[in-house]
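Following: one structure in structure tokens, then a few remarks.
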Amino acid sequence: MNAPQETKFWRRYEKGVEYLDIKNLVNRANKCWNFYSGKQWEGIEADGEDLPFLNFIQPNIKRKVTTIYTNRMAVTYSDMEGRAELQAVYERLSQLFSAKWEKSNQDTLCRKTIKYAAIAFDGIQYFPTENVEDAQLLSTTDVLFGDENEPNIQRQPYIIVRERRLVSEVKELARKNGISEEEIALIRSDSDTEDTIYNTDEVESENSTDSSKVTLITHFEKKTEPVTKMIYKDVYDDEGNLTERVGELVEDGERTVVYVAKCTKYAMVENERAISAKPSMIDRLKGKQGRSLSLYPLVKFSWEEVPNSARGISQVEGLIPNQININKTIARRAIITQTEAFPRMAYDETIISNPESLSEVGAPIAVSSGGAQSVNQAIAYLNPPQFSGEPKQLTDDLLDISQELSGSGDTTMGNIDLQRVAASAIVAVNDQAQSMHDETVANLQLFVEDMANLWVELWQVFSPNGISVVTQKTVAEPVIGPDGNVVLDAMGVPVTKTKQVDERVEISAEELDAIKPVTRIDVTKDNSFTREAAQNVIDGLLEKGYITLEEWVELATDTSPVPKHQLEIILERRKQQTVPNTIPNETPQSQVPPTM
């Protein structure tokens, strides 16, 4: 096909691939994943022998990821213009984000994103549809940037996302988008897997090419287009009577719109279009366009950035030389130990008739001449030489120093005697040791903020009827006995039980249209030590009488040793014991136990 659109998109894709090849990014990413996963002798010929290795990279990365993700991010929306009348809307918007975060399993996905960035430069989340629950995690080599010197993903002139998809899926997608059958026939399988990370093998179909895969690229580009509005003018006749109102469409500024297109090497799958919603009837009468997406539907997290680069720094790549040196030293030590560390037998072959029996347990040894003295002279053992401790010391030093410099030494790895150190002291020590990760935590904070802003825009564009989500909350209700009456305890207080009930959070289309949110990200550390330290503080306040039991329960977290909701039930019973029974006609007087 010679369509201009196809040429533009695929040529841009090929330029992006050329840049990755120049930077050797795919091979470097594969090397990082191999060393992380334990394939550390990949490509080395060892005559079929499995060489030993000491993989310190994997626990190093796991600990770093855990350290960063113990910083919990809470999203709070507020109004850009400070309009107090919309405060309730922004509170519901914050609840909506939290509910969608949970439903889209972002705790797991976000942790994987951090892991991808730590291993191979960047972790990127892609939202291919208006439903944020459809988020996909991409490797850095799956995304090609129009400006490889710009770290801010929203400032890119264009972005290309590549995928390996079944030919049948791509053809069906093209049909839904109105592509002609003639062009759909050009969608064919290929073997373009050399740029795939880690696992390049695919299941090949012998019967149909539609069951094989093809490279599909999705091209995003930001364009500026005029904003329009309708101005109505009154037309009067010669006598001054209003005859008609004439509408004139005029420009009213500019806006940024994201355009999307999909194609394979030889065919378009989706022609370029603006990512926008259809305008409502009222908007059409006013001459307004429908809401459009102004943000790329991708969010990027880099562990650490470098100047003039859209790609981040891998935490694995810098450790690979030390890992190789450690592995080589261990392999040499293993080989020397196998060949030199044990006594070796020497014998006179002119005297020993059956030397093959020397290695057999309990086998007789035949000698051709002499007595016992000649046997002792015919067979002897060579003692192993003394080995230097320098190779082991070098291995230990490389391992210890590598972990300390990368922020995964004994302190940050949690190698602390928990029986002798208070939780508050552990928190203080960890905070001191983990201060070197503050920049990464700030990058994670920015990542969540970018996601929060993108989600709001997706909801505004693709929710013409508003948006709602069902969450669950814990409530207490009285226990009803078999006779239909409320069950009372020995003190005459109604017995209650807890249950999970659905709660719907709704934001109308008018409210979505009115909001101009500003996002704030609150960062809190959440691990067993911080929770224990916080619990100790409120326990101390209660013991010293600075707070009441009710206040203690209010301050207690859901992870406290005693379930918080059970304490709340007990306090509620106590309150009810101080007032007369106010449940009329529900419990016969005979069922109320006498007061002692």
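The structure presented is a predicted model; accordingly, all values stated were derived computationally and were not measured. These values consider heavy atoms only, across backbone and side chains, with no hydrogens, waters or symmetry-generated copies.
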Notebook entry, point to check: Taking Arg164 as the fixed residue, which of Asp190, Thr193, Thr196 is the one that meets the side-chain hydrogen bond (donor to acceptor under 3.5 Å, both in side chains) rule?
Noted result: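 The single option meeting the side-chain hydrogen bond (donor to acceptor under 3.5 Å, both in side chains) with Arg164 is Asp190.
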Mind checking whether [X] and [Y] have side chains closer than 4.5 Å, heavy atoms only?
X: Ser302; Y: Glu305; answer: yes
X: Ile326; Y: Phe56; answer: yes
X: Gln125; Y: Leu109; answer: yes
X: Ile124; Y: Phe301; answer: no
X: Glu317; Y: Arg28; answer: yes
X: Asp134; Y: Phe127; answer: no
X: Ile68; Y: Val441; answer: yes
X: Phe447; Y: Thr113; answer: yes

Check: Tell me, which pairs form a ring pair (Phe, Tyr, Trp, His ring centres under 6.0 Å) where one or both residues lie in residues 302-337, sequence neighbours left out?
Finding: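 Every pair satisfying ring pair (Phe, Tyr, Trp, His ring centres under 6.0 Å) with a residue in residues 302-337: there are none.
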Donor-acceptor contacts, no H, no angles, side chain residues 137-146, under 3.5 Å, sequence neighbours left out:
from: Thr140; atom 1: OG1; to: Asp122; atom 2: OD2; distance (Å): 2.9
from: Thr140; atom 1: OG1; to: Arg311; atom 2: NH1; distance (Å): 2.8
from: Asp142; atom 1: OD2; to: Ser139; atom 2: N; distance (Å): 3.3

Check: According to the interplanar angle, ranging from 0 to 90°, do the rings of Phe9 and His219 count as parallel (below 30°), tilted (30 to 60°) or perpendicular (above 60°)?
Finding: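 Phe9 and His219: tilted rings.
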Next item on the list: Measure up the Phe97 and Trp455 rings against each other and bin them: parallel (under 30°), tilted (30 to 60°), perpendicular (over 60°).
Entry: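 Correct class here is tilted.
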Between [X] and [Y]: side-chain donor-acceptor atoms closer than 3.5 Å:
X: Asn27; Y: Asn24; value: yes
X: Asn327; Y: Gln323; value: yes
X: Lys64; Y: Thr66; value: no

First locate atom [atom1] of [X], then atom [atom2] of [Y], and finally report the distance between them rounded to the nearest 0.5 Å.
X: Arg188; Y: Lys265; atom1: CZ; atom2: NZ; value: 11.5 Å
X: Tyr296; Y: Ile159; atom1: OH; atom2: CD1; value: 5.5 Å
X: Thr264; Y: Lys171; atom1: OG1; atom2: NZ; value: 10.0 Å
X: Thr329; Y: Leu54; atom1: OG1; atom2: CG; value: 11.0 Å
X: Leu454; Y: Leu298; atom1: CG; atom2: CG; value: 8.5 Å
X: Thr215; Y: Asp195; atom1: OG1; atom2: CG; value: 8.5 Å

Checklist line | Asp107: partners by salt bridge (Lys or Arg N to Asp or Glu O under 4.0 Å), with sequence neighbours left out | finding: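 Residues passing salt bridge (Lys or Arg N to Asp or Glu O under 4.0 Å) with Asp107: Arg72.
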Next item on the list: Apply salt bridge (Lys or Arg N to Asp or Glu O under 4.0 Å) to Lys31 and list each qualifying residue two or more places apart in sequence or on a separate chain.
Entry: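 Partners of Lys31 under the salt bridge (Lys or Arg N to Asp or Glu O under 4.0 Å) test: none.
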Would you check if the side chain of [X] reaches a backbone N or O of [Y] as a donor-acceptor pair within less than 3.5 Å?
X: Ser309; Y: Val306; value: no
X: Glu150; Y: Asn152; value: yes
X: Asn55; Y: Gln58; value: yes
X: Asn34; Y: Asn30; value: yes
X: Gln445; Y: Ile521; value: yes
X: Ser314; Y: Val316; value: yes
X: Gln315; Y: Ile119; value: no

Check: In this structure, are over 12 heavy atoms from other groups packed under 6.0 Å from Glu14 atom CD?
Finding: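 Yes, enclosed.
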Note to self: Applying ring-ring contact (aromatic ring centres under 6.0 Å, His included), can you list everything that pairs with Phe35, at least two apart in sequence or on another chain?
What the structure shows: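 Expected list: none.
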Write down the atom of [X], the atom of [Y], and the distance for their closest heavy-atom approach.
X: Ser104; Y: Glu133; result: CB-CA, 3.7 Å
X: Val469; Y: Ala99; result: CG1-CB, 3.7 Å
X: Ala120; Y: Trp33; result: CB-NE1, 3.6 Å
X: Ile187; Y: Ala174; result: CD1-CB, 4.1 Å
X: Ala452; Y: Val75; result: CB-CG1, 3.9 Å
X: Ala310; Y: Gln156; result: CB-NE2, 4.1 Å

Note to self: Checking Lys328 against Arg332 for the side-chain contact (heavy atoms from CB on, under 4.5 Å) test, could you report, in this order, the C-alpha distance in whole Å, the side-chain angles of both residues, the deciding distance, and whether it holds?
What the structure shows: CA-CA 6 Å; Lys328 287 182 176 180; Arg332 295 188 186 106; 3.8 Å; yes
Next item on the list: Could you go through the side-chain contact (heavy atoms from CB on, under 4.5 Å) check for Ile217 and Trp10 one step at a time?
Entry: CA-CA 8 Å; Ile217 66 170; Trp10 197 261; 3.7 Å; yes
Checklist line | Pairs touching residues 15-27 that satisfy salt bridge (Lys or Arg N to Asp or Glu O under 4.0 Å), sequence neighbours left out | finding: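 Qualifying pairs, neighbours excluded: none.
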Next item on the list: Starting from the C-alpha separation in whole Å, work towards a yes-or-no answer on side-chain contact (heavy atoms from CB on, under 4.5 Å) for Met451 and Gln106.
Entry: CA-CA 11 Å; Met451 185 185 299; Gln106 272 294 336; 3.7 Å; yes
Checklist line | Stepwise side-chain contact (heavy atoms from CB on, under 4.5 Å) test for Ile114 and Arg111 | finding: CA-CA 5 Å; Ile114 299 173; Arg111 191 184 185 97; 5.5 Å; no
Notebook entry, point to check: Does Arg162 make a cation-pi contact with Tyr13 (under 6.0 Å, within 45 degrees of the axis)?
Noted result: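 Geometry flag: not set, cation outside 6.0 Å or 45°.
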